Chemist: 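Have a look at this one before I ask anything.
In what follows, chains are A, B, ... by sequence order, proteins preceding strands, each numbered from 1. Because the structure is predicted, anything quoted here is derived from the model rather than measured.
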Amino acid sequence: MALVYNEDQTLLKESAVGFFKERSPITAFRSLRDKRDETGYDSDLWSEMAEMGFTSLLLSEEEGGTGFGYVGAGIVAEAMATTLVSSPFTASCVLATEILKSTGSAILERVSSGEAIATVALDETGHYSPESVKTKAIADGDGYKLSGMKTFVPEGHTADHIIVLARTDDDRLSLYTVQKGAANLITDRTVMADSRNWAKLTFEGTPATLLSDDGLEKLIPAIDKVNIVLAAELLGLTQAAFDMTTAYLKERKQFGKIIGTFQGLQHRSAHLFAEIEVTRSIILAALQAADASAPNLSMLASAAKAKACKTAELATNEGIQMHGGIGMTDEYDIGFFIKRARAVSNLYGGQNYHTDRFATLSGY
Amino acid sequence: MALVYNEDQTLLKESAVGFFKERSPITAFRSLRDKRDETGYDSDLWSEMAEMGFTSLLLSEEEGGTGFGYVGAGIVAEAMATTLVSSPFTASCVLATEILKSTGSAILERVSSGEAIATVALDETGHYSPESVKTKAIADGDGYKLSGMKTFVPEGHTADHIIVLARTDDDRLSLYTVQKGAANLITDRTVMADSRNWAKLTFEGTPATLLSDDGLEKLIPAIDKVNIVLAAELLGLTQAAFDMTTAYLKERKQFGKIIGTFQGLQHRSAHLFAEIEVTRSIILAALQAADASAPNLSMLASAAKAKACKTAELATNEGIQMHGGIGMTDEYDIGFFIKRARAVSNLYGGQNYHTDRFATLSGY
Amino acid sequence: MTDLNEFRSEVRAWLEDNCPQSMRAPVMSEDDVCWGGKNFTFKSEDQKSWLNKMAEKGWTVPTWPKEYGGGGLTREEAKILKTEMHRINAREPLLSFGIWMLGPALLKFGTEEQKLEYLPPISRGEVRWCQGYSEPNSGSDLASLATKAEIDGDHYVVNGQKVWTSYADQADWIFCLVRTGPQEPKHTGISFILFDMTSEGVSTKPIKLISGKSPFCETFFDDVRVPRSQTVYVENKGWDVAKYLLTHERTNIGDLGNMVPLSNIAKEEMGLDQNGQLNDLMLRQDIASHEIDGLSFMMTMQRTMDRAKAGEGVGAFSSALKYYGTELNKDRHEFMLKIKGSDALEWEGQSSMDGKTAKDWLRTKANSIEGGTSEVMLNIISKRLLELPDE
Amino acid sequence: MTDLNEFRSEVRAWLEDNCPQSMRAPVMSEDDVCWGGKNFTFKSEDQKSWLNKMAEKGWTVPTWPKEYGGGGLTREEAKILKTEMHRINAREPLLSFGIWMLGPALLKFGTEEQKLEYLPPISRGEVRWCQGYSEPNSGSDLASLATKAEIDGDHYVVNGQKVWTSYADQADWIFCLVRTGPQEPKHTGISFILFDMTSEGVSTKPIKLISGKSPFCETFFDDVRVPRSQTVYVENKGWDVAKYLLTHERTNIGDLGNMVPLSNIAKEEMGLDQNGQLNDLMLRQDIASHEIDGLSFMMTMQRTMDRAKAGEGVGAFSSALKYYGTELNKDRHEFMLKIKGSDALEWEGQSSMDGKTAKDWLRTKANSIEGGTSEVMLNIISKRLLELPDE
């Protein structure tokens, strides 16, 4: 497949970029943060996103979706990142949707219409490691009871349905669903550096329903795919931070000159431009592979995520440094980008994790 | 101890730098290479170095040496590197001398007077790994017979005495000495990129004398110390390549300007300057630790060698790039520095080897 | 040498007797630091008595002459005092811009009257100073500053605005660069003046940073009257004082101090595998490389001090230290983030001490901006140490 | 689509019939490459017949029109031919500056007569061309070139010196930038002319490189007479041709081609440990990072071609490709050195194929110098893509 957007994809991109720029500019995110919004997102915006078809990109038209698939999800994630839109998109309409699709769950319809929000609870420490999950699931009548602790759960305190990875008596990993407000479920919203929504969930015998008992087999392909969408989100953050910085270089004067005339800064900007462009290519290739469920999907996913993390780190660090003092102020937007980039990088494995995995998958 | 040269050391540095600049400028090395000199070094120069006391730096005055120790050896190695002097100094008067001293060998006197040349044969593959040595030593009457193959032996084809690491019947590592021209010793001079003297030695039942049977106990501290001297040699190469490049930046014109006015090159040069200075510091600290046989010697040695390799790689690569086309020509000297830097880096472990070892020695 | 050994014993005994137990613990947060000044509230009685006892000995500023409130110690003695304090983890009794910056400037450029008036209150932590250098349009290009001090008899009338004034809202007095002469050439016509922050016409406004903290202010001067006698050194020659101080500051900022090795934190957080290696092998390599750089840098700080002792000037070399040290420190905090993973990003709550890791990380991003950006440091190295030509 | 499938079958069958077995193996050394020209000696009969058969089909230059010796293939067909050749490891029958550079320039800028005269001999490997661009004092600043072509009736009289002329000592003809107009403004007054290297007054001198090889020459022109009709495009407008070609060249140079993955070489040389990981874990991380960059770059080449097909211009973006691709290739060879250790540094002798690893490594150092240095590429990106201001 050609590594360019087709006509429909180009239109989707234009409409997504236009929509978010108009409906949810950076000031919208700043205001959510400043008023310490409890849900962390704008539910009116979310309804409009559903109307735009953004909540059902992964469903084909026959399934009632818009059929844009992963390339479409990448386009929307990238556009959202550009203006720091805060929404349950990736958690609910990418990762949870992929799992609900593959397990044939009945929840899917309400999630893809945007009426219900679903999320996945995986991590138990500061590092992604699904194999090390300790949360226990014990059979209890028709259902199960979960006990354990999950951290870094996106939208964990607002989601209607929480998909939980837990370990059975006989040491197998399975996926369960827990409903919002379930008994013996303790939800702590965590305020994190990026001012978005994360939660710690504590299960103390929380009732749950079995979703899938084939271990990581459903989960890992879904994580691969969401990681590519997260890479697209990182790319959006990177590009926006870069554009903001380049604009500043054209405007700020020091020593009687526009600082963008200094070759030291020019060369670093040009290098960063090249890094961003190669990052963009691997992400597009990986998104296409996700749509094709290509055999080398895992390798491409790890390559795309590792590269996106690295480029985002460079771009946001350069962004602050090139802005100088003003970049350190809360009043200026560049700081939002460095904070969100680190959060997105950490979700489901960062640069080191995926570089290591890339090598392993490549047989060395 | 203060991290500066004392008065004697300052004098030694001045006399070494002056001596090599006068007696063996870069043209001398070029001429040795061009005439494909069989020994690879200038024996007259070597005699003069002995007269200057450079061959007995590691021996105290009571032992008949000049007593300058490792700081002195570092000073001389650095000075030699600046003009690419080719001599058996490090092989014979540092590593072999240290081993001969610690084993109380009678050969020491002739080696430290420069009359005889000694070297050490360790590597058997392209990578330093003394623990993996396979060369066999079998008792044979009063002596031993060696069989196996050694590569990357400095001065291996000219040395009078070759100290060989080999494995006994009962799988212990020991050190043996083999005489030049011994029976069943096959010597292949290897022409390498740096145009210095290296050899492959093949032992096919070569008679040898036991020097030390305590495994790596004598060898490793000696290797630590020589690695610090090699780091000083790398520093000399680095500094000379940097100085040559900086001078070129002040002279070459492009686009109607001296290229040294371009901020892109200025910032890279300034960064490199800072790297060179911090490299200089760790090397001096490690040389002092070698003289003091400090308890953290191994850690400092690995830090100094790793850092010296990294800085030398950067400096020589930048040297070529900043010279542009002319740097690629054989006629210009900068190419000698990149070639020799890689050879010195490879000897007894390069950047990766020593970074790994540093971590291990630091307990992680 | 015997004298020094004797001195060491005395110091050790004195510290043993006088350093309160609670002051023998690492500083855990910015709140633990004593900045002194009229607006300062001591966090504990121990903090207060520790300051007073040290100030009485002159050991808040050990190398300053005794007549100005110092300890009159030689470099060697001061080093012993420092070592002995480290040995028992004794906290610095007092930190301040008065000690780091104004003090050295006055010692070098001040009149005898100025020294006697301003230095002792600094040493006792009675007066807290802030620094008025940067302005909105002169960040890296400090010499382009525009704050005006017009002469009106034996006073100046100061008008203008400063930014990045550290703790201006807490400070009692300010040392300030103002333009008393012509705009061009930029470096002449600048004076280094001192005045009271409670003077009529001075106002401050804290700047909120990306770390959520506000250690800096915007500071406004509206017809502030300052006696001309409060000029340090010669009128219109303030740039000489500022330059001296910038060099001084760079040498200090480069100092990473006594930090916990990154690898220890990594070991604690991530554990070791069956080979005794850090549980993230990629991080292990990066940390090892970083620690080698860190060790090399520490040795460079040491070497620089030893060279200074041996009479070699430091000069522009301080720019290399400032550059390397601040870049290293930024790297260190990026590694901290990687070591702790998502835990590092918590911003509120007890388990993260209200986001200490994240906020410290963001704070380091200013290291390579304040006190001269890394780019300016590279320019200085390039021009002054490498003598690469100007256009 | 059916037509393309049919074309694929035809190509496959034809290759099966016509590609000699010995030409179905990777190029092992520079000697295996066929450069063509009057001075070229074929290494084997197979090499010669393979060239002739391919030239007959026009497949040495598959997309050129048939009337100029090309194959007249569409992009899609050419891609199929390439894929099918790769499938059986078929060697390129002919490489030359005529194909890469002069051909595209003539196709775009040449007159019909020039195309008919010069292109067919290039396609058949009969005439080998070299490129006369750089001069001793105009490396990166190509437009400052000083070689003069003075008009004498319907001839030029050319005087001056070129450097870095690839294989000038082997070439039959040269395409050459000369100054036919004023020195200032630099970019006008340059013409792109063609002449025979056997002309009176042309001499060459090989330049020995740090790799020990001499692929380049210094080339001297002493009153060389060249018909003015051998000017490509308009007199004094040669810079337009040169610029077009430089962009073209950059896109090509960025191509890493079908290389053996570095990790395969590492595995073979170093082996895997009990965990199935490369025996040098530090190198493993660096190689993985490098391979991710390499994969990202390959996808970028692909994306650029796909964009071009979709009608988007490549333009200055080729500078980003040239920059990134050449820097990657330099890294690749630094890794090769680390993988092979001291073995990599052998310079003579059979086991190292006369120092292939070391010499290839040194050769790559020129990647980021020739065809526009990395610094010039960064300048172009900065000015033309980011539109950062000039001073």
Chemist: Please report the interatomic distance CD(A/Gln254) to CD(C/Glu375), rounded to the nearest 0.5 Å.
Modeler: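 Interatomic distance, A/Gln254 CD to C/Glu375 CD, rounded to 0.5 Å: 11.0 Å.
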
Chemist: Quick one: are A/His127 and C/Met270 in side-chain contact, heavy atoms under 4.5 Å?
Modeler: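 The answer is yes, as the side chains (C-beta and beyond) meet within the 4.5 Å cut-off.
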
Chemist: First locate atom CG of C/Asp141, then atom NZ of A/Lys257, and finally report the distance between them rounded to the nearest 0.5 Å.
Modeler: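 Reported to 0.5 Å precision, the distance equals 11.0 Å.
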
Chemist: Counting heavy-atom pairs under 4.5 Å with chain C, which one of A/Thr355, A/Thr125, A/Leu347 comes out on top?
Modeler: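 Option with the greatest count: A/Thr355.
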
Chemist: Counting only non-hydrogen atoms closer than 4.5 Å, does C/Ser138 touch chain A with its backbone (N, CA, C, O), its side chain (CB onward), both, or neither?
Modeler: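 For C/Ser138, the contact with chain A is made by the backbone alone.
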
Chemist: Most heavy-atom pairs under 4.5 angstrom with chain C, which of A/Gly256, A/Gly350, A/Gly324, A/Ser345?
Modeler: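 If we count pairs closer than 4.5 Å to chain C, A/Gly324 comes out on top.
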
Chemist: Apply side chain to side chain contact (heavy atoms under 4.5 Å, CB included) to residues C/Leu362 and A/Lys339 and explain how you reach the verdict.
Modeler: CA-CA 9 Å; C/Leu362 286 166; A/Lys339 293 172 186 173; 3.5 Å; yes

Chemist: Just give me the residue among C/Ala366, C/Ser134, C/Ser140 that pairs up with chain A most often, heavy atom to heavy atom, under 4.5 Å.
Modeler: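 Looking at each of C/Ala366, C/Ser134, C/Ser140 in turn, C/Ser140 comes out on top.
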
Chemist: Of the listed residues (A/Gly325, A/Gly327, A/Ala343), which shares the most heavy-atom pairs with chain C below a 4.5 Å separation?
Modeler: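 If we count pairs closer than 4.5 Å to chain C, A/Gly325 comes out on top.
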
Chemist: Counting heavy-atom pairs closer than 4.5 Å to chain A, which one of C/Lys338, C/Lys208, C/Arg363 comes out on top?
Modeler: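 That would be C/Lys208.
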
Chemist: Can A/Asn317 and C/Lys365 be counted as having a side-chain donor-acceptor contact under 3.5 angstrom?
Modeler: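 C/Lys365 and A/Asn317 do have a side-chain donor-acceptor pair below 3.5 Å.
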
Chemist: For the CD atom on C/Gln350, are there more than 12 heavy atoms of other groups (residues, nucleotides or ligands in this structure) within a distance under 6.0 Å?
Modeler: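 Atom CD in C/Gln350 is not packed in, count stays at 12 or less.
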
Chemist: Could you walk me through whether C/Leu337 and A/Asn346 satisfy the side chain to side chain contact (heavy atoms under 4.5 Å, CB included) test, starting with their C-alpha distance in whole Å, then the side-chain angles of each, then the deciding distance to 0.1 Å, before giving a yes or no?
Modeler: CA-CA 9 Å; C/Leu337 247 57; A/Asn346 262 291; 5.8 Å; no

Chemist: Could you state the interatomic distance from CD1 (C/Ile210) to CD1 (A/Ile320), rounded to the nearest 0.5 Å?
Modeler: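 Nearest 0.5 Å value for the CD1-CD1 distance: 4.0 Å.
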
Chemist: Taking atom types as modelled, find out whether C/Ser368 and A/Gln321 have a side-chain donor-acceptor pair closer than 3.5 angstrom.
Modeler: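 Yes, a side-chain donor-acceptor pair sits under 3.5 Å.
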
Chemist: Is the number of heavy atoms from other residues, nucleotides or ligands under 6.0 Å of C/Lys148 NZ greater than 12?
Modeler: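 At most 12 heavy atoms, drawn from other residues, nucleotides or ligands, come within 6.0 Å of this atom.
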
Chemist: Please report the interatomic distance CG(A/Asp356) to CG(C/Asp280), rounded to the nearest 0.5 Å.
Modeler: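 Reported value, rounded in 0.5 Å steps: 7.5 Å.
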
Chemist: If I measure from the heavy atoms of chain A, does C/Glu269 come under 4.5 Å with its side chain, its backbone, both, or neither?
Modeler: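 Contact with chain A: none, neither part.
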
Chemist: Which bit of C/Asn379 is near chain A, if near means a heavy-atom gap under 4.5 Å: side chain, backbone, both or neither?
Modeler: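 No part of it gets close to chain A.
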
Chemist: Could you go through C/Glu346 and A/Lys200, starting from their C-alpha distance and side-chain angles, then the distance that decides it, and tell me whether this counts as side chain to side chain contact (heavy atoms under 4.5 Å, CB included)?
Modeler: CA-CA 11 Å; C/Glu346 294 192 17; A/Lys200 286 194 208 306; 2.5 Å; yes

Chemist: Any idea which of A/Lys253, A/Gln351, A/Arg252, A/His323 has the most non-hydrogen atom pairs under 4.5 angstrom with chain C?
Modeler: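 Between A/Lys253, A/Gln351, A/Arg252, A/His323, the count favours A/Arg252.
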
Chemist: Walk me through whether A/Met328 and C/Phe216 qualify under side chain to side chain contact (heavy atoms under 4.5 Å, CB included).
Modeler: CA-CA 11 Å; A/Met328 290 298 296; C/Phe216 301 106; over 6 Å; no

Chemist: Using non-hydrogen atoms and a 4.5 Å limit, figure out which bit of C/Lys359 sits close to chain A: side chain, backbone, both or neither.
Modeler: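 Nothing of C/Lys359, per the 4.5 Å heavy-atom cut-off to chain A.
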
Chemist: Between C/Ile207, C/Leu142, C/Asp343, who has the most heavy-atom pairs with chain A when the cutoff is under 4.5 Å?
Modeler: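 Option with the greatest count: C/Asp343.
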
Chemist: Checking A/Phe152 against chain C: side chain, backbone, both or neither under 4.5 Å from a heavy atom?
Modeler: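 Just its side chain gets close to chain C.
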
Chemist: To the nearest 0.5 Å, what is the distance between CZ on A/Arg189 and CD on C/Glu348?
Modeler: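 Between atom CZ of A/Arg189 and atom CD of C/Glu348 there are 8.0 Å.
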
Chemist: Check whether A/Thr190 gets within reach of chain C through its side chain, its backbone, both or neither, counting any heavy atom under 4.5 Å.
Modeler: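 When you check distances to chain C, only side chain atoms of A/Thr190 fall under 4.5 Å.
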
Chemist: Using a 4.5 angstrom heavy-atom cutoff, name the option from C/Leu345, C/Leu378, C/Thr373, C/Asp286 with the most pairs to chain A.
Modeler: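 Most pairs with chain A among the choices: C/Leu345.
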
